[in-house]
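In what follows, chains are A, B, ... by sequence order, proteins preceding strands, each numbered from 1. As the structure is a computational prediction, the values presented were derived from the model and not from experiment.
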Amino acid sequence: MTGDALEITGGAAGLSADLDAMLAASTLLAEVSDDLARLALRVAGLAAQASASPTVVLDALGLARAEGELLPLLVGPASLPSAAARVALLARGVRTAARLYAEAETAAAAAVSQARGCVAQAAGAAVATSGPVTVAGAAAAVAGWAAYRAAPLALDEAERTLEEVAAGRFRWQSLDARLDDLGEAVLTQMRDDVGATSSEAGVWLARHPEAAEQLVQAGPPFLDGLTRVAWVPAVPASGGGDGSPGWPPQDVRQLTGAVAAVGAVAPLFVEGRVEVQRVEAGGPPVVPSQQGVTGALERLAPYSGPDAVSHPRVRVERVRRDGVTAWSVYIPPTQTWRFDGGPNPFDGSTNVRAAAGRTTAAGQAVRAALRRSGVKAGEPVMLAGYSQGGLTAVQLACDPAFRKEFSVTTVLSAGSPVAGFDLPADVQVLSLEHEQDLIPALDDGRNADRANWTTVRRDLGQEAVEDAFSGHRLDYYIQTAEAVDETVDPSVTAWRESARPFLATAGAQVEVVEWQARRLED
Amino acid sequence: MSADLFGTLVPGIADVDRVRSLARRADDLGCDLADCAARARSTASTDWRSVAADGFRAELAATSRAVESCAEGLEEASVALARHARTTEERLPR
């Protein structure tokens, strides 16, 4: 397998952390400037008292020497007031630079987003006019593919914008015109591509799952382009006043929300009520000798295989060391693709509901397992999950009611679409993703670059991908975890420190309990 | 010379003590300045993303050097004041 290099974004060494560090440095410099100004006043007072000392009568030369040492500190380019002013200017300069960078990032993101929209809209129109849309997946693949091809153009433009803003040369008035030019360039490039590739789009998507992310992002404008040209049934406008999702959906959350709304009229995508029972048979599960992220993912293996459907269980570990108790919770991935409210809560309904930002049966199972385990208020909790489990972990970490009851400090997700969540600042998150994994791409884009959110992406290499979903395999993620455990990257190191109470189990007293979860029949 | 006249023309021991106190204050201020310079220098370890990072670092280094130079100047002033106090004391009539 090639591509062992890890791409690490966010976390303690991420972009936002850099900007935060610049702003913190600016604050520090401003404080230094204030202190220098105050010290200059005190030196001036000291000099005034020295020059007025009556001892001059007995040693005029000696006093003059002392005054001679003090004077340059108060007047001239090397004086304290001058240094205070220079530090103040420096503080302002650093702050301005940080703000410019933040604005440049926003402008770059806007440029990329607009380019995607142009491409996808045109692709939708092209598909609609080139013949009947018989395979929706193939049509969407064209949009994803075209957006993928257009990305370099958009990124080049974004990079130019970034450089110009940073150098102070960018004219904000020119932004609209430049985006129009960018759209034209993208359209020119894709005009031939769309026609030539539409028949092969589905095959191409399977070979290039990385386009899935572009595809999802391009969804709403693609639908817009499609529905403007092709005949479509009358549908309500987006964002209807009745609170319905409307059509076309404007983002992934609306899209899944629309699907989940089906539950109102059909027995699908229901959450139901969940109960958990302590698993007694077979003795307590083994604690892997492997520690760190690798050990965490190995703990999830029994719930992830082909036979996992018979193990709808949440694993809870109580780790005691030096009188401190910490809890780690291991949440299974999707174990069945049923959408009809079957007994297993780790099902397709939970996927759809979680993506739509709604409460889920899996979330209920985790909450019940923690309550039954006797977790006390204030005791630190780590949530770890693979695939749907990671999605559930992040969703619970963002849920104010859950956080009020449990002190979530640390989250680990692997192969989970979690980009759409706004994580609390006091939760340290590590997300593992593979370039060839379609599942983490099924959200609205890349994970946010935040000081408390580290994302590790790994390129598995094409030869490791046997089909569209092999990039999602847990054993590949365990291999990635081994690389993560070895890296000394500062963002990963910072997360590792937060996870130490949960994962460094050597020498600690560890008690493991499995909780069997079941959705009750209504 | 009478004692009254002596008291009028010649500074007393109290003034020498005041000069010694000024010397100590100068020394303390020098320490505070050195601390300021160290704090300013510590920001140079920031992972600057600015294209002007080198310019920032150069300005920071120059300013820190200037502040350190001021701290050294205060140390010199403290020594000069202490020496002046000693000389004054030696020249006081006994």
Side-chain angles (χ1 to χ4, degrees), chain A residues 13 15 17-19 21-22 24-26 28-29 31-33 35-36 38-40 42-43 45-47 49-50 53-73 77-80 82-84 86-87 89-91 93-94 96-98 100-101 163 166-167, chain B residues 9-12 15-16 18-19 21-23 25-26 28-30 32-33 35-40 42-53 55-56 59-60 62-67 69-92:
Chain A
L15 167 63
D18 288 345
L19 294 177
M22 288 180 76
S26 167
L28 178 63
L29 288 174
E31 288 171 4
V32 169
S33 171
D35 287 353
L36 283 175
R38 272 194 289 272
L39 283 167
R42 289 169 62 192
V43 172
L46 187 146
Q49 287 184 38
S53 174
T55 55
V56 70
V57 174
L58 291 176
D59 180 27
L61 190 59
L63 191 60
R65 281 193 187 123
E67 288 180 278
E69 297 290 349
L70 290 170
L71 189 62
L73 309 186
S79 66
L80 285 171
S82 169
R86 285 169 66 180
V87 175
L89 277 175
L90 198 57
V94 172
T96 302
L100 271 179
Y101 267 93
E163 286 172 0
Chain B
L9 296 178
V10 180
D15 287 312
V16 174
R18 232 177 104 215
V19 174
S21 164
L22 289 178
R25 277 171 56 195
D28 290 346
L29 284 170
D32 290 348
L33 273 183
D35 176 57
C36 268
R39 283 160 55 207
S42 75
T43 59
S45 61
T46 301
D47 188 10
W48 308 98
R49 297 190 68 250
S50 170
V51 287
F56 280 138
E59 173 64 11
L60 199 56
T63 308
S64 299
R65 271 197 303 278
V67 176
S69 172
C70 289
E72 288 165 10
L74 274 168
E75 198 177 328
E76 295 293 327
S78 170
V79 171
L81 284 168
R83 190 180 298 129
H84 170 66
R86 200 162 50 245
T87 303
T88 303
E89 194 172 31
E90 286 168 1
R91 291 179 182 174
L92 276 172

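In this structure, CD on A/E67 lies 9.0 Å from CG on B/L81, to the nearest 0.5 angstrom. Between the SG atom of B/C36 and the CD atom of A/E31 there is a distance of 10.5 Å, given to the nearest 0.5 Å. Distance CG/B/L74 to CG/A/L73: 5.0 Å, rounded to 0.5 Å. A distance of 11.0 Å separates CG in A/L58 from CD in B/E89, rounded to the nearest 0.5 Å. Taking CG from A/L39 and CG from B/L33, the interatomic distance works out to 5.0 Å, rounded to the nearest 0.5 Å.
With a threshold of 4.5 angstrom between heavy atoms, B/S42 approaches chain A through side-chain atoms but not through N, CA, C or O. For A/S82, no part lies near chain B; criterion is any non-hydrogen pair under 4.5 Å. Of the atoms belonging to B/A85, not a single heavy atom falls under 4.5 Å from chain A.
Residues A/S79 and B/C70 share a closest heavy-atom pair of C-SG, 4.1 Å. Among all heavy-atom pairs drawn from B/T63 and A/A83, the shortest one is CG2-O, 3.8 Å. Nearest heavy atoms, B/R18 versus A/P54: NH1-CD, 4.4 Å.
In this structure, the salt bridge (charged side-chain N to carboxylate O under 4.0 Å, His left out) partners of A/D59, at least two apart in sequence or on a different chain, are B/R91. Residues passing the side-chain hydrogen bond (donor to acceptor under 3.5 Å, both in side chains) test with A/R38, sequence neighbours excluded: A/D35.
The side-chain contact (heavy atoms from CB on, under 4.5 Å) test with B/T88 singles out one residue from A/V56, A/T55, A/V57, and that residue is A/T55.
Chain A forms more heavy-atom pairs under 4.5 Å with one residue of B/D35, B/V79, B/V67, B/L22 than with any other, namely B/L22. Counting heavy-atom pairs closer than 4.5 Å to chain B, the top residue among A/L70, A/L28, A/V87, A/L61 is A/L28.
Between A/R42 and B/R25, the closest side-chain pair of non-hydrogen atoms is not below 4.5 Å.
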